[in-house]
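Atoms within a ligand are numbered from 1 in the order they appear, just like the ligands themselves. Note that these values count all heavy atoms, side chains included, but never hydrogens, waters or copies made by symmetry.
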Amino acid sequence: MKAISGTNLEQAKAHNRRVVIEAIRTNGPLSRAAIARLTALTAQTVSNIVEELEGSQLLKPDSPQKLARGQPITPYSINPDGAYSIGLELERDHAAGVLTDLSGTIRARVTRPIDPPTPEQAIPILAAISAELQTAFPFDRNRLLGVGIAMPGRYAAEGITSLTPIALPGWQHYEVGPALERLVGVPVLVENDATAAAIGERLYGVARGLSSFVYLFLGGGIGAGMFLDGHLYRGSRANAGEIGHIVVEPDGLPCVCGKRGCLDRYVSLGAAYEHLKIDDPGAYAVEALDAMIEEAGPALDGWLDAAAEPMRRTIDFLELAFDPQTIVLGGPMPAGLLARLAARMEPLYPPVDPDEERRIARIMIAATGKDTSILGAAALPVFSETNPQFAVLQKPIA
Ligand SMILES: [Zn+2]
């Protein structure tokens, strides 16, 4: 693969650091030789990175293992207390945050129900959640790598910190990252909720270890997060995967985007609520809505029948366009309904190679449930290759 821009030494180091941390987080303790094998990095590069990460206390050596022959080998593990990060999630009806350690374990959690917020309301709430998380669990504040925040797309502008979500009313031209950064004092990274969920599922869920998959985020709308050939695919304005606005029904139902017949209007929690004649979902708590969906039973059959064919075509298109190992269904939609939808989509259109013996199912249900995007958001500062906080950790500790 060729990149358009060159890679300088610092960028390469940051990339390799991410790859090594991810390999150990996903696989458990690894020796330098095992890291080199898994990452295709040279032994020398692995040694340098491991030494650097050990120096900044992000990795710790376990006790050496004696082999029948040759030198004993030392496996390295993640030092959970080596770094912390905060993941925030802002949705129409709630704001939430988690504090995770470097191993990805949640150490504190805060949730606040809110009405659809303006930026002026939301930013202080998000800053307060971030402050509360930092007092809820004792840790070295110098080791806070940053804050990641997952928000619904679509986005305007370029650059991951200056994204302005245009799906929430009142947020047009509002730069979330810099505004929140001024209050929290650590780097803030903003990500589309579907993409954050794909990151979360890759670190914690059924997509662990997969290099190419599409995560379909089914919530108020439908969007896709994509890992392709081991890389997150964002697009030029972080809008890659905004498939909810593909027209599936010419002259169909009107959509907020201005078009008619968008996929969002047929395959989403919003569409399911509409089918159940829940006119104002914003008036209910999330748990109450989930209960209505779970209890609806056959009342949702009509919706599932209408949603199945647009979903089948969407799956067919995604498989043909991106050749993923699997497609994961997840997001805020209750797991029971996701499973019913997956069953109703069968039989799928024939795959590219019908004779292939598949080791991985074409469709999987996400394992991480409602935490997926917030965990993905918390992972953003850890896996960012431009996060300046890593330099802070390099400084010798007095
Ligand atoms: Zn639309």
Exercise for the section: Sum up the protein N, O or S atoms located under 2.8 Å from the Zn ion (ligand 1). Expected result: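 Of the protein's nitrogen, oxygen and sulfur atoms, 4 lie under 2.8 Å from the Zn ion (ligand 1).
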Problem - Shortest non-hydrogen contact from E319 toward I327 - result: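 Shortest heavy-atom separation between E319 and I327 comes out as CG-CD1, 3.8 Å.
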Problem - Set of residues satisfying ring-ring contact (aromatic ring centres under 6.0 Å, His included) with respect to F139, sequence neighbours excluded - result: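 ring-ring contact (aromatic ring centres under 6.0 Å, His included) check on F139 returns Y84.
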Practice task
Just jot down the ring-ring contact (aromatic ring centres under 6.0 Å, His included) partners of Y266, sequence neighbours excluded, or say none.
Solution key: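 With sequence neighbours excluded, Y266 shows a ring-ring contact (aromatic ring centres under 6.0 Å, His included) to no residue whatsoever.
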For residues 63-71, which side-chain N or O atoms pair as donor and acceptor with protein atoms under 3.5 Å away, sequence neighbours left out?
none

Problem - Cationic N near anionic O, under 4.0 Å, K13 to E52 - result: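 Salt bridge: yes.
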Problem - Pairwise distance CZ(R25) to CZ(F383) - rounded to 0.5 angstrom - result: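 R25 CZ to F383 CZ: 4.0 Å, rounded to 0.5 Å.
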